[in-house]
2 protein chains.
Amino acid sequence: MTEDEGPRGYRSRADRREELLDAAALVVRDDGLPGLTTRAVAARAGVAHGVVHYVFGARRHLVVALLERQARASLPRVLAAADAHDDVRGALDAAVGAWIDLVRSEPERFRLLEAVSSSGLDPDGDGALVDAERRLWRDAVAAGLDRWSAAHGVVLAVPTPDAADAVIAVVDGLTRSSVGDPDGAATDRSRALLVRGLAHVLSEPDRGEPDRGEPDRGEPARDEPARAERDRAERD
Amino acid sequence: MTEDEGPRGYRSRADRREELLDAAALVVRDDGLPGLTTRAVAARAGVAHGVVHYVFGARRHLVVALLERQARASLPRVLAAADAHDDVRGALDAAVGAWIDLVRSEPERFRLLEAVSSSGLDPDGDGALVDAERRLWRDAVAAGLDRWSAAHGVVLAVPTPDAADAVIAVVDGLTRSSVGDPDGAATDRSRALLVRGLAHVLSEPDRGEPDRGEPDRGEPARDEPARAERDRAERD
DNA sequence: GTCTATAGCAGGATAGAC
DNA sequence: GTCTATCCTGCTATAGAC
């Protein structure tokens, strides 16, 4: 289905890689994330089980590769949606909406995103892959913001990287919200609220909410919980 | 360590349950989520492997139970942090900040939250457990908002359930952001932005961003993003 | 009713064959 | 360089001891 293989079935590592990723995408679509076993991928691709481990090493590497491929495929569409709008709020809403639509159209696919970053990995130095993945997103969103900002002559009220982080956080939160929200009504309401709020802070510098109430101070209420004493080693 | 057991080591099912959850929490703290095997829990609690399955059935039930117990333990603290503030923004910031501090102090613990809802479960009808879990949160946050609102005589600009969903989405997004953000600086910046934006929309009814720029039309947002045209994004 | 011992099975990883 | 055969670990289920 993907390509036909030689008489002996020998393909280059790179070709096998693409082929296996195709198979993996199908497996995820059909059987969901937990169905994504190295054996299932191998079976779907019509190769021996070990080939998957030969090409990708560990299962997580396959997952990360699949994830990255997806990201590169999805991002342009999302960024394009924003470009059709001149105002911050409209652009944000379009981009976030496009993303959520993607998530909804193939939910299983996007569970990978969460699954990888949250649960999947931890031991040894493999978190580096996830970090790289996140950085890819962060940079892409920041670049998109810059591009949009320049193209429409709008300057944001906060530094681009900060805005990018906030956008990603919102998208992450909404993505998670859309799980177990089949009709998406709740997610849509949240999206409307969050986009409006985010557009507000990206457009307006902080002046302490003059319209209502009593802002005691800009600094938050640091109550004294356990401060993480953990030596989080990796600071790539 | 938790309780000493009778001469024969017989405990009620409920007691064993708590005991095993204690052990599970320690396992997660020390070895991370992937270290949380039913065998490890049994070993840590000093019981036979089968006991875990006797009490919880499947591993995921243990995970969900641990998660729920955590939620019930954490929520009061978070809600209390909000009560110390009279204004929406201050209360929100305090609550969200308290939550993020909890996440930071024991990161491994909170990966459960994501791991369960995203990856862990899917087969058969087990998603119901996750749904119940999410509903628990949603209801708790909504109740907290109502309580705060009544206590401080502040009425929110949006219905409580909608506000609760948005708050949860923000917290989810920030929680995920804090993974791989060891010093937490980026997360703090995002938090500041998102809390400000959220406070804004919770306080102010939508009037189309009058204060800045060029709202091309009074009625906003309702644009037409990529409306779920589900084409296969089969490849890049 | 509570727990132990044991067996089966699925999935990841690797040493070694082509 | 590609792939296969095999091993190991961990989850689940159950039969039976206390």
Side-chain angles (χ1 to χ4, degrees), chain A residues 2-20 23-24 27-28 31-66 115-116 119-126 129, chain B residues 3-21 23-24 27-28 31-66 115-116 119-126 129:
Chain A
T2 48
E3 300 260 343
D4 65 351
E5 51 200 31
R8 187 65 216 300
Y10 268 52
R11 312 275 302 269
S12 79
R13 204 169 192 150
D15 282 352
R16 274 282 188 244
R17 189 187 154 92
E18 290 307 306
E19 188 181 336
L20 290 174
V27 170
V28 167
D31 302 332
L33 181 58
L36 185 64
T37 67
T38 54
R39 290 188 138 88
V41 172
R44 182 73 101 136
V47 302
H49 173 215
V51 174
V52 177
H53 287 281
Y54 168 63
V55 172
F56 289 102
R59 174 182 179 268
R60 8 188 166 81
H61 295 167
L62 177 146
V63 175
V64 170
L66 187 57
V116 166
S119 89
L121 335 172
D122 53 309
D124 15 17
D126 248 334
L129 287 174
Chain B
E3 299 259 342
D4 64 352
E5 49 201 33
R8 190 64 221 303
Y10 269 52
R11 313 276 300 269
S12 78
R13 206 170 190 147
D15 282 353
R16 272 284 186 244
R17 191 187 152 90
E18 290 308 307
E19 187 181 337
L20 289 175
L21 285 178
V27 170
V28 168
D31 302 332
L33 181 57
L36 186 64
T37 67
T38 54
R39 293 187 137 88
V41 171
R44 182 71 99 138
V47 301
H49 174 216
V51 175
V52 177
H53 287 281
Y54 169 63
V55 172
F56 289 102
R59 175 182 179 268
R60 16 190 162 79
H61 296 166
L62 178 146
V63 175
V64 171
L66 186 57
V116 166
S119 92
L121 334 172
D122 55 313
D124 18 20
D126 246 335
L129 287 173

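Per chain, numbering begins at 1; letters A, B, ... match sequence-line order. The structure presented is a predicted model; accordingly, all values stated were derived computationally and were not measured.
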*Asks:* In this structure, how many angstroms lie between the P atom of D/dG1 and the CZ atom of A/Phe56, rounded?
*Replies:*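 Checked: the CZ to P distance equals 18 Å.
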*Asks:* I'd like to check the side chain to side chain donor-acceptor pair (under 3.5 Å) partners of B/Thr38; sequence neighbours left out, ordered by chain and number.
*Replies:*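 If we apply the side chain to side chain donor-acceptor pair (under 3.5 Å) test to B/Thr38, skipping adjacent residues, the hits are B/His49, B/His53.
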*Asks:* Nearest 0.5 Å, what's the CD-CG distance between B/Glu18 and B/Leu20?
*Replies:*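 These two atoms lie 9.5 Å from each other.
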*Asks:* Under the salt bridge (Lys or Arg N to Asp or Glu O under 4.0 Å) definition, can you give me all pairs with a residue in residues 35-54 of chain A, not counting sequence neighbours?
*Replies:*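 Listed once each, the pairs are A/Asp30-A/Arg44.
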*Asks:* Given axes from five pairs at either end, by how many degrees does the helix from C/dG1-D/dC18 to C/dC18-D/dG1 bend, rounded to 10°?
*Replies:*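 The end axes of the helix from C/dG1-D/dC18 to C/dC18-D/dG1 are about 0° apart, to the nearest 10°.
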*Asks:* How far does CG of B/Leu66 sit from CZ of B/Arg60, to the nearest 0.5 angstrom?
*Replies:*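 Answer for the CG-CZ pair, B/Leu66 versus B/Arg60, is 16.0 Å.
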*Asks:* Grab the N/O contacts between the protein and nucleotides 12-15 of chain D below 3.5 Å, and write none if there aren't any.
*Replies:*
from   : atom 1 : to      : atom 2 : distance (Å)
D/dT12 : OP2    : B/Arg59 : N      : 2.6

*Asks:* Any salt bridge (Lys or Arg N to Asp or Glu O under 4.0 Å) pairs touching residues 48-58 of chain A, not counting sequence neighbours?
*Replies:*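 For residues 48-58 of chain A, and leaving out neighbouring residues, there are no salt bridge (Lys or Arg N to Asp or Glu O under 4.0 Å) pairs at all.
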*Asks:* Could you tell me if the side chain of A/Val27 sits less than 4.5 Å from the side chain of A/Thr37, heavy atoms only?
*Replies:*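 Result no, sub-4.5 Å side-chain heavy-atom pair not found.
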*Asks:* Would one find a side-chain N or O of B/Thr37 under 4.0 angstrom from OP1 or OP2 of D/dC11?
*Replies:*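 So the side chain of B/Thr37 is within the cut-off, an N or O lying under 4.0 Å from OP1 or OP2 of D/dC11.
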*Asks:* What is the distance from CD of B/Glu19 to C1' of C/dC3, rounded to the nearest Å?
*Replies:*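 Atom-to-atom, B/Glu19 to C/dC3, this comes out as 13 Å.
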*Asks:* How many whole angstroms separate atom CZ of B/Arg13 from atom C1' of C/dC3?
*Replies:*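 Spelled out: CZ on B/Arg13 to C1' on C/dC3 is 11 Å.
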*Asks:* With a 4.0 Å limit, can you tell me whether B/Tyr54 has a side-chain N or O closer than that to the phosphate oxygens OP1/OP2 of C/dC3?
*Replies:*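 No, because none of the side-chain N or O atoms of B/Tyr54 sits under 4.0 Å from OP1 or OP2 of C/dC3.
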*Asks:* Does NZ or CZ of B/Arg16 come closer than 6.0 Å to the centre of the six-membered ring of B/Tyr54, within 45° of the ring's axis?
*Replies:*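 Judged by the rule (NZ or CZ under 6.0 Å from the ring centre, within 45° of its axis), B/Arg16 is not positioned above B/Tyr54.
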*Asks:* D/dT2 C1' sits how many Å from A/Asp15 CG, rounded?
*Replies:*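 That distance rounds to 13 Å.
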*Asks:* For A/Arg59, give me all partners under side chain to side chain donor-acceptor pair (under 3.5 Å), at least two apart in sequence or on another chain.
*Replies:*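 By the side chain to side chain donor-acceptor pair (under 3.5 Å) rule, A/Arg59 matches no residue at all.
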